[in-house]
Amino acid sequence: MGQRGDMRQVALIVEDDPDVRELAAAILEEADLRVVETSSAEEALAHLRQHAGEVAFVFADVRLPCPMSGVDLARSVRLKWPWIRTIVTSGSPLDLDDLTKLPREVRFMPKPWRALDVLIEAERAVIGAPERQADRPA
């Protein structure tokens, strides 16, 4: 992929359904983001601990098969890495309680989401990404 590919910012997809994850990856690659795919919030946090400085965008399902939900992940990301734009998505109606747990900077996008909406959010992440990350503690 060469050096240009190494310099692109990362979109981190957190989705347990492989078909949905693959679709999201294909869409986000159109935004010239390098895509990292995980199937759990725990895997996503492990990646962020090592590579948060490269990540501009987290796109996470709310309902994940492990103890940590997408809402929990979004809260952790906002606390530890506030520069990362975070979107949570779900095909199930969220309980009012779940929505109130989301930080106000985190957007909820219902499934089925539109490719254009995902691309717009990714572009906002790239445009709004400060030079930042490498200088911040994880």
Side-chain angles (χ1 to χ4, degrees):
M1 204 194 275
Q3 244 182 342
R4 169 117 169 59
D6 296 339
M7 298 303 293
R8 290 186 297 168
Q9 292 173 321
V10 171
L12 179 59
I13 300 170
V14 190
E15 170 64 60
D16 59 316
D17 182 322
D19 293 332
V20 174
R21 193 171 58 236
E22 185 177 308
L23 177 59
I27 291 167
L28 290 168
E29 286 169 349
E30 290 297 316
D32 202 29
L33 289 162
R34 193 164 38 101
V35 174
V36 173
E37 301 176 33
T38 64
S39 60
S40 73
E42 290 81 1
E43 286 177 37
L45 284 175
H47 180 81
L48 285 165
R49 285 186 197 104
Q50 298 295 315
H51 305 284
E54 302 167 6
V55 177
F57 185 58
V58 171
F59 189 62
D61 192 12
V62 169
R63 304 204 192 290
L64 297 166
C66 296
M68 188 175 209
S69 72
V71 172
D72 296 331
L73 174 63
R75 292 173 68 203
S76 293
V77 169
R78 292 303 305 164
L79 285 173
K80 294 177 183 175
W81 306 286
W83 66 84
I84 299 174
R85 187 169 190 85
T86 305
I87 305 294
V88 295
T89 184
S90 179
S92 304
L94 285 178
D95 298 331
L96 183 58
D97 190 42
D98 286 338
L99 286 175
T100 61
K101 291 179 185 175
L102 278 177
R104 68 178 165 190
E105 300 87 358
V106 174
R107 179 161 178 232
F108 172 72
M109 187 180 295
K111 287 180 183 175
W113 27 260
R114 296 180 326 147
L116 180 59
D117 292 335
V118 176
L119 282 171
I120 288 169
E121 292 299 330
E123 289 295 327
R124 286 180 180 157
V126 170
I127 290 167
E131 312 75 270
R132 85 288 166 183
Q133 300 120 337
D135 300 327
R136 297 211 182 172

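Note that these values count all heavy atoms, side chains included, but never hydrogens, waters or copies made by symmetry.
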Show your working on side chain to side chain contact (heavy atoms under 4.5 Å, CB included) between E54 and V36 and close with a plain yes or no. CA-CA 11 Å; E54 302 167 6; V36 173; over 6 Å; no
Determine yes or no for a side-chain-to-main-chain donor-acceptor pair under 3.5 angstrom, with S90 supplying the side chain and V88 the backbone. no
Main-chain N/O of V14 paired to S40 side chain as donor or acceptor, under 3.5 Å: no
Interatomic spacing from [atom1] in [X] to [atom2] in [Y] - rounded to 0.5 Å:
{"X": "D17", "Y": "R63", "atom1": "CG", "atom2": "CZ", "result": "15.0 Å"}
{"X": "T86", "Y": "F59", "atom1": "OG1", "atom2": "CZ", "result": "11.5 Å"}
{"X": "E37", "Y": "E43", "atom1": "CD", "atom2": "CD", "result": "11.0 Å"}
{"X": "L116", "Y": "I120", "atom1": "CG", "atom2": "CD1", "result": "4.0 Å"}
{"X": "E123", "Y": "L28", "atom1": "CD", "atom2": "CG", "result": "10.0 Å"}

How far apart are the C-alpha atoms of L102 and F108, what are their side-chain angles, what is the distance that settles it, and do they pass the side chain to side chain contact (heavy atoms under 4.5 Å, CB included) test? CA-CA 9 Å; L102 278 177; F108 172 72; 4.2 Å; yes
Looking only at non-hydrogen atoms, find the nearest pair between [X] and [Y] and report the distance.
{"X": "I84", "Y": "V55", "result": "CG1-O, 3.4 Å"}
{"X": "T38", "Y": "A44", "result": "OG1-CB, 3.8 Å"}
{"X": "L64", "Y": "S39", "result": "CD2-O, 4.1 Å"}
{"X": "M109", "Y": "T89", "result": "O-OG1, 2.6 Å"}

List for me each residue that meets salt bridge (Lys or Arg N to Asp or Glu O under 4.0 Å) alongside R104, sequence neighbours excluded, and say none if there are none. none
Does this structure show an ion pair linking R21 with D61, if we count only N-O contacts that are shorter than 4.0 Å? no
Enumerate donor-acceptor pairs with a distance under 3.5 Å from any side-chain N or O in residues 70-77 to protein atoms, sequence neighbours excluded.
{"unit_1": "D72", "atom_1": "OD2", "unit_2": "S69", "atom_2": "N", "d": "3.1"}
{"unit_1": "D72", "atom_1": "OD2", "unit_2": "S69", "atom_2": "OG", "d": "3.3"}
{"unit_1": "S76", "atom_1": "OG", "unit_2": "D72", "atom_2": "O", "d": "3.3"}

F57 vs Q9 side-chain heavy atoms within contact, under 4.5 Å: no
Side-chain touch K80/L48, heavy atoms, less than 4.5 angstrom: no
Taking atom CD as the centre, does E22 end up with more than 12 heavy-atom neighbours from other residues, nucleotides or ligands that are less than 6.0 angstrom away? no
Under 4.5 Å between side-chain heavy atoms, chaining through other members, with only Ile, Leu, Val, Met, Phe, Trp and Tyr counted: pull out the rest of the cluster around L79, sorted by chain and number. none
Working note: M68 + L45, criterion side chain to side chain contact (heavy atoms under 4.5 Å, CB included); need CA distance, chi angles, decisive distance, verdict. CA-CA 10 Å; M68 188 175 209; L45 284 175; 3.4 Å; yes
Mind running side chain to side chain contact (heavy atoms under 4.5 Å, CB included) on W113 and I27 for me, showing each step along the way? CA-CA 11 Å; W113 27 260; I27 291 167; 3.4 Å; yes
